[in-house]
A.B. asks: 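Following this message is one structure expressed as structure tokens.
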Amino acid sequence: MSPQRLSHIPPSFLITLPQGLLELDIADRIYVDPDTTTRFSTDFGRLTRAPPSAVLYPSSPDDIAALVRFSYFSPHPFTVAARGCGHSVRGQALAPGGVVVDMPSLGRGRDDRINVSRGDGSSSWYVDAGGEQLWIDVLHETLKHGLAPRSWTDYLHLTVGGTLSNAGVSGQAFRHGPQISNVYELEVVTGKGEMMRCSHNENPALFYGVLGGLGQLGIITRARIAVEPAPERVRWARLIYTDFVSFTRDQELLISMSEEGFDYVEGSLLMMDHSLIGNWRSSFFSDRDWEKVKLLASQFGAIYCLEGAVYYELATASSVDQKLDSFLKQLSFVPGFAFAKDVSYMAFLDRVHDGEMKLRSMGLWDVPHPWLNIFVPKSRIRDFEIGVFKGILKPNNSMGPVLIYPLKKNKWDEKMSAVIPDEEIFYSIGLLRSAIMGDWEHLDDQNDEILRFCHREGIECKQYLPHYTAQTDWMKHFGLKWNVFVDLKRRYDPKLLLSPGQRIFASSLIEHVSEQETLFLKLY
Ligand code: FAD
């Protein structure tokens, strides 16, 4: 069936989407045909399926504001979800029965949505990027000026609005904070359809609320992001440990060092599962080194890999080895198990993309992803290791990378909506599993078991990219931030229109609309 625009649908079919939509200027950008709505009914996780009634392909932020305003003032309001790339895993960017906004349309065919500038009367530079822009494109554009944002995600084919609605963490966050700590200003469309600019000084409540706000308070159409001079090269190291205590002690040492230390610190669990699915995130080891690492893993069942990077300029290339050596001397990895590689800054930041290409070519990318991301307080990371890595996961088959790296609370702004444990250092744990054998329920049961284990043992962890289905769990998740978050929701999205897929504010309104939309879908 060919895509069918709303403006071409006879009004008699529009049982539920208010007929007034047809009078909107944007009617020819709203599609309601099942082919289109089916494409927007699931996400990277492939665990949730719920079609919207319609999809808006906006050509400007005004289109988004018009849609939200229309819903807000309609006697039959419908929900609206911004969708970046749909890289969520639990339906967070879905709008069951509502309207999905295809954010990438904002930038399609335009080259004016990423702009690098210098602040008025100041020497600091920034980049203005559309909320729909991919971080990889932000990197390409800023590098033309010798600049780059300083805080990243491991994978760059994510949208600016999508990661800023969560936090955006990677191995640079211990130094620069998450991506949300590196934003100067935002432009958003609120749940009333108003277009608002906000920053630390202008509408600060909205600014802090939107950062890490899970898309609940506004749709980010532009973000002003801090940049710094981009390094040219990266000396990238992986160090192997058989002992978790030494591994985490060394990670913590590295993140305690001054600006002169490592620029990036991460780590992972390597299990006896040596398949591509367990290690797809970057091709780092030579075949010979990989054989050596595999042998060690098979002796110990599970080993740990500390990953670090030192940035440098070609002009200082002669001293980088010396610098790296001086760090390595302070660390307790297994002798003979330090590996290093030299790559461009671009190749380093875009490292996960290679893994994606490999998995795609083998048909292993579009599979269910029962991922679990949690932040675990440092004081309980050893208990977590024993109970989860050595217990629940059983050291044989992780079915995907398991990331483990420390972050610092003082790099996060308490006023933002993002939620972290109440401890100075906490660990980001990512169980990035792929269900390639139709076994996603089994992996998901393990996720539940991990969360139950933490609860039982009193480990005060927080989910990152959170997923709950009961509001009481959301209240616990937000803790002391809950009341502020609810107040902001009342102020900026009082009709609960935005990002319904997060399932934070289920309401009779949403249920009511869903029933009607189902009727519409049946009739159509
Ligand atoms: P979507 O999944 O489309 O949307 C996510 C949520 O944000 C939804 O609720 C949606 O409604 C809302 N939203 C989307 N756009 C906007 C907008 N413009 N304004 C307001 N709300 C919006 N995360 C990390 O922090 N670090 C990592 O290293 C990392 N690596 C990843 C690697 C892979 C391979 C994948 C698939 C994901 C990774 N993520 C990582 C998770 C990623 O940050 C989330 O998936 C995030 O949601 C971004 O994806 P997206 O841009 O496709 O957003």
Side-chain angles (χ1 to χ4, degrees), residues 40 42-46 48 52 58 61 64 68 79-95 98-107 129-136 151-173 178-180 186-191 209-223 264 266 280-282 349 351-353 355-357 359-360 365-366 369 371 373 375 400-401 403 405 407 417-418 428 430 432-434 464-467 492-493 497-504:
F40 287 84
T42 189
D43 57 20
F44 181 74
R46 292 182 174 251
T48 313
I64 302 174
V68 178
T79 57
V80 177
R83 177 186 165 104
C85 301
H87 273 124
S88 299
V89 296
R90 301 280 174 177
Q92 286 95 333
L94 305 186
V99 179
V100 168
V101 179
D102 174 58
M103 295 302 288
S105 295
L106 281 180
E132 77 289 354
Q133 293 295 320
L134 297 181
W135 284 98
I136 182 72
S151 185
W152 294 98
T153 45
D154 292 348
Y155 176 62
L156 304 189
H157 297 250
L158 303 167
T159 64
V160 166
T163 70
L164 295 185
S165 298
N166 286 293
V169 294
S170 182
Q172 301 86 359
Q179 290 180 319
I180 51 172
L186 296 171
E187 255 168 31
V188 302
V189 174
T190 68
V210 166
L211 292 169
L214 306 175
Q216 295 303 303
L217 308 176
I219 296 178
I220 300 167
T221 54
R222 179 180 64 82
Y264 163 99
E266 282 203 8
W280 59 269
R281 280 176 64 261
S282 65
L349 289 181
R351 61 199 177 278
V352 174
H353 191 49
E356 174 190 352
M357 291 296 115
L359 290 188
R360 276 191 190 281
W365 184 254
D366 294 322
H369 293 105
W371 286 11
N373 285 275
F375 293 148
L403 307 184
Y405 58 93
L407 297 169
S417 297
S428 174
L432 313 183
R433 279 107 71 82
S434 300
Y464 176 54
L465 312 168
H467 164 70
Y492 293 109
D493 183 21
L497 305 183
L498 300 180
S499 276
Q502 300 277 4
R503 302 174 74 178
I504 305 175

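Along the sequence shown, residues carry numbers from 1. One-based numbering, in listed order, for ligands and for the atoms of each.
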A.B. asks: List every atom of ligand 1 that sits less than 4.0 Å from any heavy atom of D154, numbering the atoms from 1 in the order shown and giving each element.
C.D. replies: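 Heavy-atom distances to D154 below 4.0 Å select 27 (C), 28 (O).
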A.B. asks: Nearest protein heavy atom to atom 21 (N) of ligand 1, by residue and atom, and its distance?
C.D. replies: S165 OG, 3.1 Å
A.B. asks: Atom CE in M103, atom CD1 in I64: separation rounded to 0.5 Å?
C.D. replies: 4.0 Å
A.B. asks: Does only the side chain of M103 get under 4.0 Å from ligand 1, or the backbone, or both, or neither? Count heavy atoms.
C.D. replies: side chain
A.B. asks: So which bit of L465 gets within less than 4.0 Å of ligand 1, heavy atoms only: side chain, backbone, both or neither?
C.D. replies: side chain
A.B. asks: If the cut-off is 4.0 Å to any non-hydrogen atom of T159, which atoms of ligand 1 fall inside it?
C.D. replies: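 Selected atoms, number and element: 50 (P), 51 (O).
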A.B. asks: For L465, does its backbone N or O pair with a side-chain atom of N373 as donor and acceptor, under 3.5 Å?
C.D. replies: no
A.B. asks: Report, in ascending order of atom number, the atoms of ligand 1 lying under 4.0 Å from any heavy atom of G218.
C.D. replies: 20 (C)
A.B. asks: Against heavy atoms of S88, which atoms of ligand 1 measure under 4.0 Å?
C.D. replies: 1 (P), 2 (O), 4 (O), 5 (C), 45 (O), 47 (O)
A.B. asks: Is the closest N or O pair between I219 and ligand 1 shorter than 3.5 Å?
C.D. replies: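 Between I219 and ligand 1 (N or O atoms, distance only) the closest approach is not under 3.5 Å.
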A.B. asks: Could you list the atoms of ligand 1 found under 4.0 angstrom from a heavy atom of R83?
C.D. replies: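 It comes down to these atoms of ligand 1: 3 (O).
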A.B. asks: With backbone taken as N, CA, C and O and side chain as the heavy atoms from C-beta onward, which portion of Q179 lies under 4.0 Å from ligand 1: side chain, backbone, both, or neither?
C.D. replies: neither
A.B. asks: Between E132 and S105, is any side-chain donor less than 3.5 angstrom from a side-chain acceptor?
C.D. replies: no
A.B. asks: Please assess L214 against Q92 for the test side-chain contact (heavy atoms from CB on, under 4.5 Å), listing each intermediate value before the final yes or no.
C.D. replies: CA-CA 8 Å; L214 306 175; Q92 286 95 333; over 6 Å; no
A.B. asks: Give a yes/no on ligand 1: does G501 have at least one heavy atom closer than 4.0 angstrom to it?
C.D. replies: no
A.B. asks: Quick one: which ligand 1 atoms are inside 4.0 Å of a heavy atom on G215?
C.D. replies: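 That gives atoms 21 (N) of ligand 1.
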A.B. asks: With no hydrogens and no angle check, is any side-chain donor or acceptor of S434 less than 3.5 Å from a backbone partner on G400?
C.D. replies: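 No: the side chain of S434 does not pair with the backbone of G400.
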A.B. asks: Could you go through L217 and V188, starting from their C-alpha distance and side-chain angles, then the distance that decides it, and tell me whether this counts as side-chain contact (heavy atoms from CB on, under 4.5 Å)?
C.D. replies: CA-CA 9 Å; L217 308 176; V188 302; over 6 Å; no
A.B. asks: Run the contact test for D43 against ligand 1 with a 4.0 Å cut-off on heavy atoms, strictly below, and give the result.
C.D. replies: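 It does not; every heavy atom stays at 4.0 Å or beyond.
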A.B. asks: Are any of the heavy atoms in G213 under 4.0 Å away from ligand 1?
C.D. replies: no
A.B. asks: For ligand 1, which atoms have a heavy atom of G168 less than 4.0 angstrom away?
C.D. replies: 25 (O)
A.B. asks: With respect to I220, determine whether any N or O atom, backbone or side chain, lies less than 3.5 Å from an N or O atom of ligand 1.
C.D. replies: yes
A.B. asks: Who gets closest to atom 16 (C) of ligand 1 by heavy atom: A82, P104, A167?
C.D. replies: A82
A.B. asks: Does the plane of the ring in F44 sit parallel, tilted or perpendicular to the ring in W371? Use 30° and 60° as the thresholds.
C.D. replies: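 Ring orientation, 0 to 90° scale: perpendicular.
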A.B. asks: Quick one: does any side-chain atom of Q172 pair with a main-chain N or O of S170 as donor and acceptor, under 3.5 Å?
C.D. replies: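 The answer is no, because no donor-acceptor pair under 3.5 Å joins these two groups.
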A.B. asks: On a heavy-atom basis, I'd like to know which of Y155, W152, F44 is closest to atom 32 (C) of ligand 1.
C.D. replies: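 Nearest option to atom 32 (C) of ligand 1, by heavy atoms: Y155.
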A.B. asks: Where does W135 meet ligand 1, judged by heavy-atom distances below 4.0 Å: at the side chain, the backbone, both, or neither?
C.D. replies: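 For W135, there is no contact with ligand 1 at all, from either part.
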A.B. asks: Could you check whether any heavy atom of W371 sits closer than 4.0 Å to an atom of ligand 1, since that is the contact criterion I want to use?
C.D. replies: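 Under 4.0 Å: yes for W371.
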A.B. asks: Please could you name the atoms of ligand 1 that W365 approaches to less than 4.0 Å, counting only its heavy atoms?
C.D. replies: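 With W365 as reference, the close atoms of ligand 1 come out as 34 (C).
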A.B. asks: Side chains of W135 and T163: is there a donor and an acceptor less than 3.5 Å apart?
C.D. replies: yes
A.B. asks: Check for a donor-acceptor pair, side chain of H87 on one end and backbone N or O of H157 on the other, with a separation under 3.5 Å.
C.D. replies: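 Yes: the side chain of H87 pairs with the backbone of H157.
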A.B. asks: Please report the C-alpha distance between D154 and E266 in whole Å, then the side-chain angles of each, then the deciding distance to 0.1 Å, and finally whether the side-chain contact (heavy atoms from CB on, under 4.5 Å) criterion is met.
C.D. replies: CA-CA 10 Å; D154 292 348; E266 282 203 8; 2.6 Å; yes
A.B. asks: So T48 and L94, side-chain contact (heavy atoms from CB on, under 4.5 Å) or not? Walk me through it.
C.D. replies: CA-CA 9 Å; T48 313; L94 305 186; 4.0 Å; yes
A.B. asks: Please work out whether any backbone atom (N, CA, C, O) or any side-chain heavy atom from C-beta onward of N166 is under 4.0 Å from ligand 1, and answer side chain, backbone, both or neither.
C.D. replies: side chain
A.B. asks: Say whether, by atom type as modelled, one donor and one acceptor occur between the side chain of S417 and the main chain of G209 under 3.5 angstrom.
C.D. replies: yes
A.B. asks: With respect to T163, determine whether any N or O atom, backbone or side chain, lies less than 3.5 Å from an N or O atom of ligand 1.
C.D. replies: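 Not met; the criterion fails.
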A.B. asks: Could a heavy atom of S170 be found less than 4.0 Å from some atom of ligand 1?
C.D. replies: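 Checking ligand 1 against S170, which is what was asked, there is no heavy-atom contact under 4.0 Å.
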